[in-house]
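Heavy atoms only: backbone and side chains are in, while hydrogens, waters and symmetry mates are out. Naming convention: chains lettered A, B, ... in sequence-line order (proteins, then strands); numbering from 1 in each chain.
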Protein chains: 2
Amino acid sequence: MKLKAIDISRTASASSIIFDVLRKAIIEGEIAENSPLRQDEIATLFNTSRIPVREAISRLEEQGLVKTQRYKGAIVAGLSAPEAAEVFDLRALLEPEILRNAVPRMSRDCLAEARAHCQAFSDSDSPMEWGDLNRVFHKTLYSASDLKFFIEVADNAMDRVERYVRAQLVISDGMERAGIEHFAILEACEMGDGDRASLLLRDHILGAKRSLLDHFPALTSRQDG
Amino acid sequence: MKLKAIDISRTASASSIIFDVLRKAIIEGEIAENSPLRQDEIATLFNTSRIPVREAISRLEEQGLVKTQRYKGAIVAGLSAPEAAEVFDLRALLEPEILRNAVPRMSRDCLAEARAHCQAFSDSDSPMEWGDLNRVFHKTLYSASDLKFFIEVADNAMDRVERYVRAQLVISDGMERAGIEHFAILEACEMGDGDRASLLLRDHILGAKRSLLDHFPALTSRQDG
DNA sequence: ACTTTGAATATTGGATACAATATGCGATAC
DNA sequence: GTATCGCATATTGTATCCAATATTCAAAGT
């Protein structure tokens with residue numbers, strides 16, 4: 001029998017859908033730091049009971065994206081400047097390792113896709129997109145790596161600071177600089193020079209950290225949910 | 001008014017208690033890999049409904065300790081040899097950084113406590129304790145560090161491999177070697193030599209990785225839940 | 001006015017009830 | 001005997017309901 005079957009058992013449950021949507025909203029900064037997440041309100045939005053909402057919130061808490069207090073509910077977790085700095089330090093440690101591992105495994109297609117994303121990022125003048133384009137570029141580079149666990153941790157780290165990165169790209173001259181650095185990293189990858197790509201990436205992340213810390217007060221005062 | 005008040009709002013909820021107990025049972029290897037976690041069974045054990053059990057399982061999944069399939073339930077997640085190796089590589093990257101950060105911040109008390117744990121580990125001839133004593137020694141060293149996020153990630157990494165580390169300590173000569181290496185690391189800390197402690201720790205972890213990989217087939221065939 | 005108290009409301013945590021799906025087993029057809 | 005089907009049971013996912021706690025606000029006392 002020839003059918004294009006999909007594995008229905010891996011279909012998303014209500015709670016995982018809600019988790020994904022809330023996660024996205026939080027990391028993109030659509031819900032302001034310290035905003036409460038009301039179970040009832042969310043349940044109504046998704047036309048479900050509060051049960052799957054609660055499970056989604058439990059997972060978000062485990063990811064460090066919200067903080068909950070018994071009988072008081074969950075609020076979006078924010079970071080202090082030193083905490084954000086620490087997350088960047090972790091990224092600066094992990095992501096270069098991932099990239100070094102990925103470079104020798106990159107296919108022609110993968111490199112082409114990365115270049116496309118890199119160009120799109122550089123060309124875009126729509127601030128709303130920058131965050132996505134930035135992340136998708138990094139993600140594409142790492143996708144060739146087989147360090148699943150490293151990637152998982154790096155993803156979580158990025159989740160925690162993406163909000164600030166987005167705001168920083170808009171406020172500062174971060175966009176131009178990031179574009180240039182991305183091309184340099186990409187070129188090292190294309191040359192097959194993992195060590196160089198790795199070093200450039202490290203500098204890229206630490207540069208972003210510095211820039212972020214410089215603008216941190218301005219970033220956290222912006223409420224936008 | 002002077003009372004030794006405790007913050008009751010931070011009292012543990014049923015779901016967090018269940019989470020803690022399940023987590024402990026899983027990382028200590030009391031529940032075998034791939035064993036199913038039956039919601040009803042667990043709920044009965046704790047005299048609760050399945051609701052808090054489900055929240056606990058959601059969190060465990062987010063931590064990578066169990067895998068779930070829709071309508072089929074959760075099973076304890078196991079690691080392949082390369083996956084375990086990757087987790088050790090992550091530890092070898094993170095924990096030395098944590099220790100380097102911690103060393104200059106260690107109080108006399110902290111060092112004394114670490115030495116006590118180190119001695120206890122070295123002296124113990126009760127295999128059941130080894131895993132705990134090992135972890136508590138490492139934890140004490142890191143406790144002086146202010147890298148909360150690094151520690152969080154390192155903890156999760158250790159959670160995922162602790163089962164194997166425990167088994168390996170029992171099967172191989174890992175115990176003796178670990179004891180010696182612990183003392184060397186501790187001495188470097190006592191001398192205030194963070195770089196040296198950091199290097200020794202890295203070697204310690206990579207040595208454990210090597211030893212673990214050598215024994216991996218034997219470790220994973222042992223079922224004990 | 002300021003503080004305190006207590007009741008009304010809002011919100012969360014958990015239990016029970018029901019729906020959807022998986023699993024095991026016997027019956028039937030071949 | 002083997003394969004397939006269909007029902008009974010087991011298990012999970014979600015909705016509804018109740019209990020516990022937080023929050024708000026008006027009333028009363030000072």
Sorted by chain and residue number, the side chain to side chain contact (heavy atoms under 4.5 Å, CB included) partners of A:L93 (sequence neighbours excluded) come out as B:L93, B:L94, B:E97, B:F150
Tell me, which of residues 53-63 of chain B have any heavy atom that sits under 4.0 Å from an atom in DNA chain C? none
Enumerate the residue pairs fulfilling salt bridge (Lys or Arg N to Asp or Glu O under 4.0 Å) with a member in residues 124-135 of chain A, sequence neighbours excluded, ordered by first and then second residue. A:D132-A:R166, A:R135-A:D155, A:R135-A:D159, A:R135-A:E162
Among D:dA15, D:dG13, C:dT12, the one nearest A:S13 by side-chain distance: D:dG13
Partners of A:E41 by salt bridge (Lys or Arg N to Asp or Glu O under 4.0 Å), sequence neighbours excluded? none
Salt bridge (Lys or Arg N to Asp or Glu O under 4.0 Å) filter on B:D146, not counting sequence neighbours, yields B:R105
Under the side-chain hydrogen bond (donor to acceptor under 3.5 Å, both in side chains) test, which residues partner A:K67, sequence neighbours left out? none
In terms of side-chain heavy atoms of B:Q39, which of D:dA15, D:dT12, C:dA15 is nearest? D:dT12
How would you list, by chain and number, every residue that makes a ring-ring contact (aromatic ring centres under 6.0 Å, His included) with A:Y164, sequence neighbours excluded? A:F216
Side chain to side chain contact (heavy atoms under 4.5 Å, CB included) partners of B:P82, counting only residues at least two apart: B:S80
Expected rows: protein N/O vs nucleotides 21-23 of chain C N/O, under 3.5 Å:
none

Axis deviation across the helix from C:dA1-D:dT30 to C:dC30-D:dG1, five-pair ends, to the nearest 10°: 0°
With a 4.0 Å cut-off on heavy atoms, is B:R38 in touch with a base, just the backbone sugar-phosphate, or nothing at all? sugar-phosphate
What does B:I18 touch in the nucleic acid at a heavy-atom separation under 4.0 angstrom: a base, only the sugar-phosphate, or nothing? nothing
Could you work out, with side chain to side chain contact (heavy atoms under 4.5 Å, CB included) as the rule, every residue matching A:S15, not counting sequence neighbours? A:S13, A:P52, A:E55, A:R59
Counterpart residues, salt bridge (Lys or Arg N to Asp or Glu O under 4.0 Å), relative to B:E86 (two or more places apart): none
